[in-house]
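The structure is given below, and queries will be raised subsequently.
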Amino acid sequence: MRSFIALSAWAAGLTQAYTVTNTDLFMFKNIDPIVLPGQYTSHMHSFFGSDAVTVNTTTSAELQKGCSSTENPNDFSTYWVPTLYLVQNGTHRPITPMRFSAYYENLNSAEIPIPQNYKDLAGNVSARSQDDIEGNAGVKWFCEGDPSDENEDDAAFPTKTCSTHLQTLLLFHDCANPKTLESAYSESPNYFPNYGENHCPKGMYRIPQLRFSIRYDLRKLLPDGWEGRPPLELACGPSYCTHGDFINGWLPEAAENMLNDSSNSGFIPINGPLGDYNAGSVCGAGNATDSDPTHGTSNYAKSVRMMKGASMKQHLVKHRRWA
Ligand SMILES: *[C@@H]1O[C@H](CO)[C@@H](O)[C@H](O)[C@H]1NC(C)=O
Ligand SMILES: *[C@@H]1O[C@H](CO)[C@@H](O)[C@H](O)[C@H]1NC(C)=O
Ligand SMILES: *[C@@H]1O[C@H](CO)[C@@H](O)[C@H](O)[C@H]1NC(C)=O
Ligand SMILES: *[C@@H]1O[C@H](CO)[C@@H](O)[C@H](O)[C@H]1NC(C)=O
Ligand SMILES: *[C@@H]1O[C@H](CO)[C@@H](O)[C@H](O)[C@H]1NC(C)=O
């Protein structure tokens, strides 16, 4: 019996604890409060989680006042990604994911909860090839459950029809400074001399690592499937420009509960003040909606015009400066 317990404790150390919550899309919109605060000139994004998000959002408290489309009632985070489009005959049709899952991984290694007001970006919006993507971001596009093509880039769309879902993965930073809210990916101190035993840069601590896992069902949209490059495009361009944004909105008590049980492994239910992990959004996930509906757009063509207008204005300002 004794050796059995020792063995399972050791095994638990190998299988890291995680939690996951699913969240519904509540809007398409051409904003990005992290990258382009105050402006309606971003490429189109698909938004999930707290609907309090606007061009101006900077704090967790703002998000916690919203209606969240996330199934864990304690999670008021807002998550967003570039919208995926089906492009046929020059027309862009936005695709709503079948499922968006926010995983929080490596809970056993976390030293501090995800801080309030913490925000993070993962991926490279300008990437046009695999080499442009930081390996730590773990960007992948693949057919769920199907054998993958060894000759394909991880971040390329699969070149054959998926038997079930098209899936994409993206990993966020797992080190954060709770005072400055700066963040980084963990690295081994054997190779990164200014990193500590916790695998973080000095002044940073391990936090639960956020991973996006998004599944798209293309079977009705593309009944004949595809061979070669699929007729898909992200709002930012090819599959390589995959990126994600996150503003933390977890209630502080629930964020702390992610660190509760260091002996556990596998799935950990994160309960909190507003209910159990699977109780559902307190306002009803389907009630989440754009809280700034009279500005910006959810229309692809209009978003492209608004982006062009913005770069034209920038060009004119530059020109005037030189004139
Ligand atoms: C964002 O902030 C600006 C400047 O304070 C303000 O004019 C605007 O109404 C705000 N927009 C929203 C949606 O809160
Ligand atoms: C694209 O346009 C062609 C010619 O007008 C038409 O035959 C075809 O059905 C269209 N395809 C889609 C997917 O709309
Ligand atoms: C992002 O991609 C661009 C290519 O457009 C590349 O020049 C840049 O170095 C990449 N950034 C990172 C951090 O890899
Ligand atoms: C976390 O620990 C506290 C104190 O032991 C306990 O009251 C709470 O139920 C725990 N939460 C979870 C999600 O296990
Ligand atoms: C929206 O909220 C109402 C009242 O709070 C609730 O009865 C309804 O089920 C919610 N709708 C959805 C789609 O969640």
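Ligands are counted one by one from 1 in listed order, and the atoms in each one are counted from 1 as well.
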Counting only N and O atoms by type, is there a donor-acceptor contact under 3.5 Å from the side chain of Trp226 to the main-chain atoms of Cys162?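 No.
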Atom indices of ligand 3 within 4.0 angstrom of Ala127 heavy atoms, with elements: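 Matching atoms, with element in brackets: 2 (O).
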Please indicate whether any nitrogen or oxygen in Ser126 is less than 3.5 Å from any nitrogen or oxygen in ligand 3.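 Such a contact does occur with ligand 3.
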In the protein, what heavy atom is nearest to atom 12 (C) of ligand 1, and what distance, to one decimal place, separates them?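 So the nearest neighbour among protein heavy atoms is Asn56 ND2, 3.2 Å.
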Is the backbone of Ala156 close enough, under 3.5 Å, to the side chain of Asp153 for a donor and an acceptor to pair up by distance?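 No, the answer is negative, given that no donor and acceptor are paired below the 3.5 Å cut-off.
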Numbering the atoms of ligand 5 from 1, which are under 4.0 Å from a heavy atom of Gly286?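 In order of number, 13 (C), 14 (O).
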Arg128, any N or O under 3.5 Å of ligand 3 N or O: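 For ligand 3, there is no N or O atom that lies under 3.5 Å from one belonging to Arg128.
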Nearest to atom 11 (N) of ligand 5, what protein heavy atom do you find, and at what distance?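 Nearest protein contact, heavy atoms only, for atom 11 (N) of ligand 5 is Asn287 ND2, 3.1 Å.
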side-chain hydrogen bond (donor to acceptor under 3.5 Å, both in side chains) between Thr70 and Thr23: does it pass, once the steps are laid out? CA-CA 4 Å; Thr70 301; Thr23 178; 2.9 Å; yes
Sub-4.0 Å protein heavy atom near atom 4 (C) of ligand 3: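 It does; a protein heavy atom is within 4.0 Å.
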Per-atom contacts of ligand 5 with Cys283, taking only distances under 4.0 Å to non-hydrogen atoms: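 Ligand 5 atoms under the 4.0 Å threshold to Cys283: 1 (C), 2 (O).
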Scan Tyr103, Tyr104, Phe172, Phe246 and name whichever one has a ring pair (Phe, Tyr, Trp, His ring centres under 6.0 Å) with Phe212.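 Of the listed options, the one satisfying the test is Phe172.
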Does the protein come close to atom 1 (C) of ligand 5 - that is, does one of its heavy atoms sit below 4.0 Å from that atom?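 Given the 4.0 Å limit, the answer for atom 1 (C) of ligand 5 is yes, a protein heavy atom qualifies.
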Would you say Glu111's side chain and Asn198's backbone share a donor-acceptor pair under 3.5 angstrom?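 Such a contact is absent between Glu111 side chain and Asn198 backbone.
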Does the side chain to side chain contact (heavy atoms under 4.5 Å, CB included) test come out yes or no for His199 and Glu187, once each step is laid out? CA-CA 5 Å; His199 290 215; Glu187 298 281 4; 5.9 Å; no
Proximity flag Ser281 to ligand 5, non-hydrogen atoms under 4.0 Å: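 In this structure, Ser281 fails to qualify as a contact of ligand 5 - no heavy atom is under 4.0 Å.
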Do Thr59 and Glu62 pair up side chain to side chain, a donor and an acceptor below 3.5 Å, judged on atom types alone?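 Side-chain D/A pair, Thr59 to Glu62: present.
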Mind checking whether His45 and Trp80 have parallel, tilted or perpendicular rings, split at 30° and 60°?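 Rings of His45 and Trp80: perpendicular, over 60°.
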Specify side chain, backbone, both or neither for Asn124, according to which of its non-hydrogen atoms lie closer than 4.0 Å to ligand 3.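 Near ligand 3, Asn124 shows its side chain, while the N, CA, C and O stay back.
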Any protein heavy atom under 4.0 Å from atom 9 (O) of ligand 3?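 Under the 4.0 Å cut-off, atom 9 (O) of ligand 3 has no protein heavy-atom neighbours at all.
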Give me the nearest non-hydrogen protein atom to atom 6 (C) of ligand 3 as residue plus atom name, then the distance to 0.1 Å.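 Looking at atom 6 (C) of ligand 3, the protein heavy atom closest to it is Asp132 OD1, 3.9 Å.
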Do Glu152 and Gln130 have side-chain N/O donor and acceptor atoms under 3.5 Å apart?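 Looking only at side-chain atoms, Gln130 and Glu152 do not form any donor-acceptor pair under 3.5 Å.
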Shortest reach to atom 13 (C) of ligand 1 by a heavy atom, considering only Ile31, Asp292, Val53, Thr57: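 Answer by nearest heavy atom: Asp292.
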For ligand 5, which atoms sit closer than 4.0 Å to a heavy atom of Gly284?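 That gives atoms 14 (O) of ligand 5.
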Measure centre to centre between the rings of Phe28 and Phe47, then say whether the value is under 6.0 Å.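 Not close enough - the centres of the two rings lie 6.0 Å or further apart.
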